[in-house]
Structure formats: C-alpha cells, structure tokens
There are 2 protein chains.
Amino acid sequence: MTKPGIKDIARLSGVSPATVSRVLRNPGLVSEDTRTRVMAAIDKAGYKPNRFGASLRTQKSGNIMVVIPDITNQVNAGIIRAIESEAQKAGYCILLGDTQGKPEREQHYADMVNSGQADGILLFTANLPFSLDHSRPLLGQLPPLVNANEANEYDEIYKVVIDNRAGAQAAMEHLLELGHTRIAAVLGPLETPTSRERLAGYRQALEHANIEIDEELIIPGDYGTESGRLAMEKLLKLRHRPTAVFCFSDDMAIGAVSVLHQYGFAIPGDMSVMGFDDIRYATLLSPALTTVHQPLEEIGKASMQLLLQQLKGEEPEQRYIVQPFSLVIRQSTGPVPR
Amino acid sequence: MTKPGIKDIARLSGVSPATVSRVLRNPGLVSEDTRTRVMAAIDKAGYKPNRFGASLRTQKSGNIMVVIPDITNQVNAGIIRAIESEAQKAGYCILLGDTQGKPEREQHYADMVNSGQADGILLFTANLPFSLDHSRPLLGQLPPLVNANEANEYDEIYKVVIDNRAGAQAAMEHLLELGHTRIAAVLGPLETPTSRERLAGYRQALEHANIEIDEELIIPGDYGTESGRLAMEKLLKLRHRPTAVFCFSDDMAIGAVSVLHQYGFAIPGDMSVMGFDDIRYATLLSPALTTVHQPLEEIGKASMQLLLQQLKGEEPEQRYIVQPFSLVIRQSTGPVPR
DNA sequence: TAAAAGGCTGAAATCGTTTACATCAACAGG
DNA sequence: CCTGTTGATGTAAACGATTTCAGCCTTTTA
C-alpha cells in the first residue's frame, strides 16, 4: 500500500481530515471518543504526517540552522551536542552548516533561513551574513537568531558567551602568582573577537602587574594544534626565552607541549604551559593541562533556549547571557625555574 | 514589503508563474530573452523560492539525515565534516542526529525520513531503525540509505567501511614482530560490529602466531578515554602483566597512556601502546601514538556519494565499499623489555 | 420554554510551487 | 497552401496538511 495521508486516516476512522489534524495538533478540541478512534487508525496505518504539507500551511519548518566554523573542533562539537539534545527535546531538528571558515558558505547557510528552510539560526561566527539596512533597527531585519561563542559587534543581537577577557586575565594572574614575568601568548585568529578579547586580557594582566609587554612574545596562531607547534618552535629559538606560555586554545597548548617534549624540556620545570577551553584531552595530557574551563554544555543549552524563546515569540528577559568560566589548575604550570 | 512569491515575480516580469519556475528549474525550456528578464526581476525583488511549496509538489526535501552515536568523537566529527562538504556541493543539507547511544533516538531520526523530512539517511550505527518484513527483499522497504563505519548484518544494504579485522591483525602483527607475546586488548562496546571485528583480528593474529590467548588480558571498554584509563589500571594490577596493549580506539589509548605516565612507566620502555583510528591528537601525544589510520575524509565522501547515487536513482556499481586502512608506526610501540 | 452558551465536527480555502497538458505562432517539407 | 513539427508560454490541477468559519447538537440559564 502507498503511504497513507491524512485523508486516508479520516476515511478509516469516519471523520473529516480536519478532525484528524486536530487530534494531532490540538487534541483538546476533540472528544475523548473520536480521539481514541482516530489514534487507533493512525497507529494501525502507521501514518506519519507529511511535513511539507504542514510546513507550507504554517510556514514553519521545525528546523534550526546551526552555523559553525569547524565541527572537528572539540569545543564546537561539545556545544553542538548540547544544542542538538535541547533542540530534539523541543521538537526541532538541527541543520548543520560547517563553514570551514568560508564566508560564502556562511551566506549560503543564512539563506536557508530566508528560504524558510529553517525557522531560526544559531551562529558560531562573528560575521552576520545578512544584508542589513543600518539606518533601521536591526531586530526587525533579522530572523530569530542567536550568536554564540564568537560575539559580533551588534549589541541588539542575542548572545551567549563567556567573558574571554576575564578568562585570560585569570589565566595570566595564575602564571604571575607563580612568579613568571616573561609570559608568551599564542593567539587565535585576530579576526575573531574571542581572540582579541583574550589578547586584551593578556595585556591588561601584564600592565596591571607593571610588566612591560614584549611584543616578541606574542605569537600569532589559529587555534589549531599545528600552529601551537609552530609557535613553540619560534619561542624556543628566542635568545631570551619565556618561562611560561599562555596558549589561547587547548589545541595549541597540546601542540606546544608536544614540541617541548620533543626537545626534552620539562613541563613545568623548564616552561609552564597554560591552555584555554578545557577540552576532554586536557586532563589526559602529560602533564595534565592547566587551562580555563568553558562550560560547553551550558553554552549550548543557553543558546538553544534563547533561540527557542524567540521562536515562541517570547521576549527573553536578557539578550546577553554570560556563562561563567573557571580556572582549572593542573600540572602543566608551576613556579619559575631558577 | 512582504516576502515576494513566484507570482510576484511573474507579474513583475510579465510572464506566468510556470515560466518563472522553469527559469529556475529548467532554464533550457525558456527563451534567452524571457530568461534574462525573469532573472532580473528575481534579483531585484530578492526572491528566494519557498522550499515548502516546492517540496510539497516534488516530495523532495533536499535534506539528508545523518545519524551518529556521538558527534564529540573525533572519528565521527571528521567523517561528518567530509559528508557535510559533499552534501553541500550536491545541493543538499545535513540534518544532524546525535543518538547519544539511545535506540529511541535512532528511531526518531529514522522517522524523519519516513515523514519526508529527509530524502535519505546515513547511518553510523549498526542498528536498522526501520520496521522490516524479513520475508520480502529489504531494498524495497527502505529509503535511500547508507550504512557507514559500523556495518550492520544485512548484506543488501549499501555500506562504507574499513576492514577492521585486517586492521587489528596488522596492528597485532606489528606488536608480535617486536617480540611481544603477552599483548592485552582493550575492547570497544561488543554490541558494535566494529569492535567484534577488531577482536576477531586480535584473536586471529595470536592464534596465527601460536600464542595461547589469555582471557585475562582482554579488557572491556567503550572507546572512551575514561574506559582506557580504567582498563590500564586493571592491567597494571595483574600479577603477570602484558608487555603491550592494543586499544581499540585512540581515545582509550590516550587514557591508557595517561595512566602509565601517572605511575611512572616508560612508553614503550615498560609497555608498548597501540591505538586505532589515528585521530588528530595521536601524533601529538608523547610518545606519538602508533595506531591504525582510518581515512575519515574518504569514508565520509564515499558514503555521501553512495547515497547521492541512490537519490539520483542510479544503481551504484558496488554496494559495499571498503576503504583502505594503514598502520602508522610512531613512538609508542617498541621491542619487549628484557 | 426560549435563548444563550458551549462542545464537536465538517466544508472549504489556503499555503507556494511544479508540471502535464493545451495553446499558439513560426517554420519547414511536401 | 496544407500539414506536421518544434519551441515558448500559459492554464490549471495537483501536492498534504492546517485553520477559519459555520453549523449542529447539547446543556445551561433566565
């Protein structure tokens, strides 16, 4: 038999299609009696409402677009998992968009929302891939949207982030307390606000401690393991080496650690290494990595909830949610070598 | 102005809606002249065809459901990325379904296909969450489907895998060649065919080398880092310890290595450690992990292509694709300690 | 007992496309 | 000059659900 439609169920249970629809969407409107009869027919026929028909009528897809720069990244993956779980609970599906850093792909995914394929969008990039008329208020021009993790410049937009500057400061203060004064930084991509914020925290902590900033110790990076390796190679070649290095991601820290091991340096004996993110592997590294913990689960959950509220038409009480970070001190940091 | 529909474009360019549709779906049927006129109107109005209408008519969603057990896992994430990229090229979107190991979620995601929300499904679990009549041929009962990575029992189903048994054997042969005779195995979940295959490879290699299998050295695990830690704790308590351990995933190997470090054992001096997967972090571990490389990108790509062929109605030349693994020898394995 | 209210249900319009079929003009071949 | 063919377009019927509106039948209320 061909796949049953709402009409088939209607016929089977001796009611009109309208009533079948009500049984599914609004059971309260239907009498106990017919409801059970219709439900029985639905079960027996194995009827699944065709989403297209419903979507066409309601103009709701039941999908949420999630745009991330790289699914392979542990931080993103962790957040996505939470998001997916929340979405499913709320009856939504996740459309995954991995931009691999390319703006045209961002654009493409944003169009999904414009064409109605998704009801809302969760952006993990700082860019806003929508054409905007800046003379008018933003909110009216945008679909339901939440910007998470990488905060863009627009104040009006719903956001979920951690205080990256404070996180970096906390990291630095830990190193300063251990007596380090020559502390290198390995940055993330400077296009990302996250990385700029962390850099600001780095500078601020040093200034606060009255330590002159040596630009030679600030090494560019891209959050990836390989760039951590390269950065450490560079640092080791310096005639006046740092005694500690603050990597803006755990991945880079892991890269840096591997280079130190390779050349036989002791951690933290010869150099302290500090990460950022607290990915799953941080604790398994030898020595276990001191780092700044990001609550991935909570970030994901909060983003999703903020989006769901918008989709329900509610006005969330706050449009800017800051999740708490925490400094996790493990074994990769220690006092300055004498 | 409200969002323009196909009728608006028709009016704007002085043609019928049918022609507008043709311009978009089948430009060949339309004269050069009107085509440019219509395109101009589309651009000017910023018209995006509403997918619901089209989907309702064509019964195609343009979505592909991807069902995986855990997005956080590096192996899965790597495959997904390739899949997503291929899908996008082909004009499809990825609906992400993370089952977190729960069968009811598998079921739920499979229903997406039944309700037409996705045109095909990519399964990374061994389970087939569809109600089947086993007396009839399977192929007619299933939607376009590819089973990747975890091979289920059904021969008729399209699959992309690596030869896990041979991979495990290769790993074991490497250890045997190094002179190891007491080799432990840390398994994945035995519900997964992958893990059973690897176990078979383990046994086969030992039998082939005429080494009696000591069941004490076979430790259950779940592919996660923590279970690797626990397994190693167990192994270290044995009165007659192994000299090498073959972990069925890199994650478990990383866990095992961390325990060895913790207790001050040298790798591979005191014990050799072998992984499986070759995740990104394998090479950064100290010592770098010897492991079996899985071509994630190729697995993802092949799965997607197999699915796309089905969606196009083509019959793929082979329905069972085996991707090559390769043994990657790094520093975590070495000769037996004397 | 009449009117009002409330509970349930069905008829029919509607959402925005696609596409089979009809139409019509132009043109080629006989 | 007629006929058949081709190319370009329009007409209108789907596709499968939701939802407004109206109608009917009970109850309640005055």
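In what follows, chains are A, B, ... by sequence order, proteins preceding strands, each numbered from 1.
- For the pair B:G5 and B:D8, the tightest heavy-atom approach, listed with the atom from each and the gap, is N-OD2, 2.7 Å.
- Ionic pairing of B:K301 and B:E298 is not present here: no N-O contact between side-chain nitrogen and carboxylate oxygen is shorter than 4.0 angstrom.
- Here the options are A:I121, A:D111, A:L96, A:D119, the test is side chain to side chain contact (heavy atoms under 4.5 Å, CB included), and the partner is A:M65; only A:I121 passes.
- One interatomic measurement links the two molecules: CZ of B:R51 to C1' of D:dA17, which rounds to 19 Å at whole-angstrom precision.
- Taking the C1' atoms of five terminal pairs at each end of the helix from C:dT1-D:dA30 to C:dG30-D:dC1, the two resulting helix axes are inclined by 40°, rounded to 10°.
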Considering only nitrogen or oxygen atoms on both sides, find all protein atoms under 3.5 Å from nucleotides 22-26 of chain D and state each distance.
none

query: Under the side chain to side chain contact (heavy atoms under 4.5 Å, CB included) criterion, do A:I157 and A:V146 qualify, and how do the steps go?
result: CA-CA 7 Å; A:I157 286 179; A:V146 174; over 6 Å; no

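- Between B:D70 and A:R81 there is a salt bridge, since a side-chain N of the basic residue sits under 4.0 Å from a carboxylate O of the acidic one.
- Salt-bridge annotation for B:E84 and A:R105: present, with a side-chain N of the basic residue lying under 4.0 Å from a carboxylate O of the acidic one.
- Residue A:Y47 has a polar side-chain atom (N or O) positioned under 4.0 Å from OP1 or OP2 of D:dA17.
- When all heavy atoms of A:G300 and A:A82 are compared, the pair lying nearest together is CA-CB, 4.1 Å.
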Every protein N/O within reach of nucleotides 5-12 of chain D N/O, cut-off under 3.5 Å:
| unit_1 | atom_1 | unit_2 | atom_2 | d |
| --- | --- | --- | --- | --- |
| D:dT9 | OP1 | B:S31 | OG | 3.3 |
| D:dT9 | OP1 | B:T34 | OG1 | 3.3 |
| D:dT9 | OP2 | B:S31 | N | 3.0 |
| D:dT9 | OP2 | B:T34 | OG1 | 3.1 |
| D:dG10 | OP2 | B:S16 | N | 2.7 |
| D:dG10 | OP2 | B:S16 | OG | 3.0 |
| D:dG10 | OP2 | B:T19 | OG1 | 2.7 |
| D:dG10 | N7 | B:R22 | NH2 | 2.7 |
| D:dG10 | O6 | B:R22 | NH1 | 3.2 |

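- Taking atom CD of residue B:Q117 and atom C1' of nucleotide D:dG16, one finds them 14 Å apart after rounding to whole Å.
- When all heavy atoms of A:Y92 and A:N63 are compared, the pair lying nearest together is CD2-N, 3.9 Å.
- What separates CZ of A:R25 from P of D:dA17 is a distance of 9 Å, to the nearest Å.
- Within the nucleic acid shown, A:T58 comes within 4.0 Å of sugar-phosphate atoms alone, with no base atom in reach, counting heavy atoms only.
- At least one side-chain nitrogen or oxygen of B:Q59 sits closer than 4.0 Å to the OP1 or OP2 atom of D:dG16.
- The side chain of B:N50 lies closest to C:dG16 when the candidates are C:dT18, C:dG16, D:dT19.
- Taking atom NZ of residue B:K3 and atom P of nucleotide C:dC15, one finds them 15 Å apart after rounding to whole Å.
- When the nucleotides C:dT18, C:dC15, D:dA17 are ranked by their closest atom to the side chain of A:L56, C:dC15 comes out on top.
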